[in-house]
Undergrad: 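This structure is in structure tokens; I'll ask about it shortly.
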Amino acid sequence: MSKKILIFSLLANGFLILAFFFLIQKLGGFRYVLFKAKHRGVAGVYEHKKNMYELLPIGPKDIVFVGNSITEQCDWAELLGRSDVRNRGIAGDVTAGLLDRLDPILEGRPRQLFLMIGINDLISHGPEYILSNYQKIVDRIRATSPNTQLLLQSILPVNNDVRPSGISNQTIRQLNTAIAQIASDAGLAYVDLHGQMVDKEGRLKAQFTRDGIHINGEAYLIWKNSVLPLIESPLAPETEPENDI
């Protein structure tokens, strides 16, 4: 009997070990899991950034880019050559996190708001959960700041050959189809960045990324050229009042 129990115990432990390694691989491998733990597991970094944004005012003439690290890592004001652009991206953010920090952004009634969110949710949630939160974000923005022009931006593809992420490009395409429909139903602009950065295999072009998710300057220039024509009215040049002599 004891021999059977030992064999059963070994088989059960072996199964658990295999399941553990399968889960780690599903999430993108040990390196990716450690990377996510290091960069997303430090809640204090997120909270500090959120607190800083709450203290920085947004006005009715401002243009705001909202999202996660893909938004945060760009200097939008410099890239677009405009002093009225505000970056409100935070690394590791998810749809629920953005819902929680929307109010200070909307209190300023910004002129335009460019939204990209959802890629980080795919690590632990399915499309239905993400789209439910996404719709809440859109509804909150439109209800709280109805004069803000809201523009929805597609989620970017990933490249699991550059580095496994545990995220499916097929699911990303599914989300983008739904986001485009949300935009259409609400009469909002939809910016298809995905289609400009994807290769023939449906992956983020390898030339645009070092880690399979985040993008380089070349890709941000494509992003710039996609949104620049959609930005309302150029900045009026500041002029000094003439002094009477």
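The analysis underlying the following values was restricted to heavy atoms, covering all of them including side chains, and did not include hydrogens, waters or symmetry mates. On a predicted model such as this, the values are computed, not experimentally measured, just so you know.
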Undergrad: Does Lys205 pair with Asp199 as a salt bridge, N-O distance under 4.0 Å?
TA: no
Undergrad: Under the 3.5 angstrom rule, does the side chain of Gln207 hit a backbone N or O of Glu218 as a donor-acceptor pair?
TA: no
Undergrad: So do Ile90 and Asn68 actually touch side chain to side chain, heavy atoms under 4.5 Å?
TA: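 They are not in contact (no side-chain heavy atoms under 4.5 Å apart), so the answer is no.
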Undergrad: Quick check: does any side chain N or O of Thr209 sit under 3.5 Å from a backbone N or O of Asp211, one acting as donor and the other as acceptor?
TA: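 Yes, Thr209 side chain to Asp211 backbone: donor-acceptor pair under 3.5 Å.
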Undergrad: Could you grab the distance from atom CD1 of Ile215 to atom CE of Met197, nearest 0.5 Å is fine?
TA: 4.5 Å
Undergrad: Within the distance-only criterion (no hydrogens, no angle test), does the side chain of Arg111 pair as donor or acceptor with the backbone N or O of Thr148 below 3.5 angstrom?
TA: no
Undergrad: Minimum heavy-atom separation for Cys74 and Leu79, please, with both atom names.
TA: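 Minimum heavy-atom separation between Cys74 and Leu79: SG-CD2, 3.6 Å.
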Undergrad: Which distance, rounded to the nearest 0.5 Å, do you find between the NZ of Lys136 and the CG of Leu102?
TA: 12.5 Å
Undergrad: Do side-chain atoms of Trp76 reach the backbone of Thr71 as a donor and acceptor pair under 3.5 angstrom?
TA: yes
Undergrad: Val138 and Phe114: same hydrophobic cluster, using ILVMFWY side-chain contacts below 4.5 Å?
TA: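 As far as the 4.5 Å side-chain criterion goes, Phe114 and Val138 are connected within one cluster.
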Undergrad: Does the distance from a Lys or Arg side-chain N to an Asp or Glu carboxylate O, for Lys49 and Glu72, drop under 4.0 Å?
TA: yes
Undergrad: May I ask you to check whether Ser226 and Gln196 show a side-chain donor-acceptor distance below 3.5 Å?
TA: yes
Undergrad: Can Asp121 and Thr95 be said to form a side chain to side chain donor-acceptor pair (under 3.5 Å), step by step?
TA: CA-CA 7 Å; Asp121 292 76; Thr95 52; 2.8 Å; yes
Undergrad: Locate the shortest heavy-atom distance separating Pro157 from Gly202; write the atom from each residue and the value.
TA: CB-O, 4.2 Å
Undergrad: Do Asp139 and Gln135 get their side chains close enough for a donor-acceptor pair, meaning under 3.5 Å?
TA: yes
Undergrad: Taking all non-hydrogen atoms of both residues into account, name the closest pair between Ile130 and His125 and its distance.
TA: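 Of all heavy-atom pairs spanning Ile130 and His125, the closest is CD1-O, 4.0 Å.
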Undergrad: Please examine the side chains of Ile137 and Val66, heavy atoms only from C-beta on, and report whether any two atoms are closer than 4.5 Å.
TA: no
Undergrad: Ignoring hydrogens and angles, state whether a donor on the side chain of Tyr46 or Asp93 is under 3.5 Å from an acceptor on the partner side chain.
TA: yes
Undergrad: Could you go through Gln181 and Asp185, starting from their C-alpha distance and side-chain angles, then the distance that decides it, and tell me whether this counts as side chain to side chain donor-acceptor pair (under 3.5 Å)?
TA: CA-CA 6 Å; Gln181 188 61 53; Asp185 291 344; 2.7 Å; yes
Undergrad: Any salt bridge between Lys50 and Asp100, counting N to O under 4.0 Å?
TA: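 A salt bridge is present here (some side-chain N lies under 4.0 Å from a carboxylate O).
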Undergrad: Would you say Ser168's side chain and Gln170's backbone share a donor-acceptor pair under 3.5 angstrom?
TA: yes
Undergrad: Could you please spell out the steps behind the side-chain contact (heavy atoms from CB on, under 4.5 Å) verdict for His194 and Arg173?
TA: CA-CA 9 Å; His194 181 281; Arg173 290 192 294 271; 4.0 Å; yes
Undergrad: Is Arg88 reaching over with its side chain to a backbone N or O of Arg101, donor-acceptor style, under 3.5 angstrom?
TA: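 Judged by distance alone, no pair lies under 3.5 Å.
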Undergrad: Are the side chains of Ile172 and Val158 in contact, using a 4.5 Å heavy-atom criterion?
TA: yes
Undergrad: Which atoms form the tightest heavy-atom contact between Ile213 and Leu204, and what is the distance?
TA: O-CD2, 3.8 Å
Undergrad: Any idea which heavy atoms bring Pro127 and Thr171 closest together, and the distance?
TA: CG-CG2, 3.7 Å
Undergrad: Check Leu80, Leu151, Leu113 against Phe65 for a side chain to side chain contact (heavy atoms under 4.5 Å, CB included) and give me the one that passes.
TA: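 Output: one option passes, namely Leu80.
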Undergrad: Hey, could you give me the CG/CD1 distance between Leu150 and Ile182, rounded to the nearest 0.5 Å?
TA: 10.5 Å
Undergrad: How many angstroms lie between CD1 in Ile179 and OH in Tyr190, if you round to the nearest 0.5 Å?
TA: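 Here the rounded value is 6.0 Å.
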Undergrad: Within the side chain of Arg86, is there an N or O that forms a donor-acceptor pair under 3.5 Å with the backbone of Ser83?
TA: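 Confirmed, Arg86 side chain pairs with Ser83 backbone.
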Undergrad: What closest approach, in Å, do Gln153 and Trp223 show between heavy atoms, and which atom pair accounts for it?
TA: OE1-NE1, 2.8 Å
Undergrad: Where do Ile58 and Tyr53 land on the side-chain contact (heavy atoms from CB on, under 4.5 Å) test, with the steps shown first?
TA: CA-CA 9 Å; Ile58 286 177; Tyr53 283 157; over 6 Å; no
Undergrad: Treating Asn160 as the side-chain partner and Gly212 as the backbone partner, does any N or O pair qualify as donor plus acceptor under 3.5 Å?
TA: no
Undergrad: Could you check if a side-chain atom of Pro110 sits within less than 4.5 angstrom of a side-chain atom of Pro60, using non-hydrogen atoms only?
TA: no
Undergrad: Considering only NZ, NE, NH1 and NH2 on the basic side and carboxylate oxygens on the acidic side, decide whether Arg203 and Asp161 come within less than 4.0 Å.
TA: yes
Undergrad: Using modelled atom types only, decide if a donor and an acceptor are shared between the side chain of Tyr134 and the backbone of Tyr129 within a distance under 3.5 Å.
TA: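 The answer is no, because no donor-acceptor pair under 3.5 Å joins these two groups.
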Undergrad: Keeping Ser132 on the side-chain end and Glu128 on the backbone end, is there a donor-acceptor pair under 3.5 Å?
TA: no
Undergrad: Kindly indicate whether the side chain of Val64, heavy atoms from C-beta on, has any atom under 4.5 Å from the side chain of Gln112.
TA: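 Result no, sub-4.5 Å side-chain heavy-atom pair not found.
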Undergrad: Give a yes or no on whether Tyr220 and Val162 share a hydrophobic cluster (residues Ile, Leu, Val, Met, Phe, Trp, Tyr; joining criterion: side-chain heavy atoms under 4.5 Å apart).
TA: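 Hydrophobic grouping puts Tyr220 apart from Val162.
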Undergrad: Looking at side-chain heavy atoms only, is the closest gap between Leu131 and Asn133 below 4.5 Å?
TA: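 Result no, sub-4.5 Å side-chain heavy-atom pair not found.
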Undergrad: Do Leu156 and Ile167 share a hydrophobic cluster, counting only Ile, Leu, Val, Met, Phe, Trp and Tyr and linking them when any side-chain heavy atoms are less than 4.5 Å apart?
TA: yes
Undergrad: Let me see the working for Thr144 and Arg109 under side-chain contact (heavy atoms from CB on, under 4.5 Å), right down to the final yes or no.
TA: CA-CA 8 Å; Thr144 305; Arg109 306 296 190 269; 4.1 Å; yes
Undergrad: Between atom CZ of Arg140 and atom CZ of Arg142, what is the distance when rounded to the nearest 0.5 Å?
TA: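 Interatomic distance, Arg140 CZ to Arg142 CZ, rounded to 0.5 Å: 14.5 Å.
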Undergrad: Could you check Ile231 against Arg82 for side-chain contact (heavy atoms from CB on, under 4.5 Å), going step by step and ending with a plain yes or no?
TA: CA-CA 10 Å; Ile231 291 179; Arg82 301 181 63 100; 3.7 Å; yes
Undergrad: Can you tell me how far the CD1 atom of Ile105 sits from the CG atom of Asp62, to the nearest 0.5 Å?
TA: 11.5 Å
Undergrad: Hey, any chance Val227 and Val85 share a hydrophobic cluster, counting ILVMFWY side chains that come within less than 4.5 Å of each other, even indirectly?
TA: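 Hydrophobic grouping puts Val227 with Val85.
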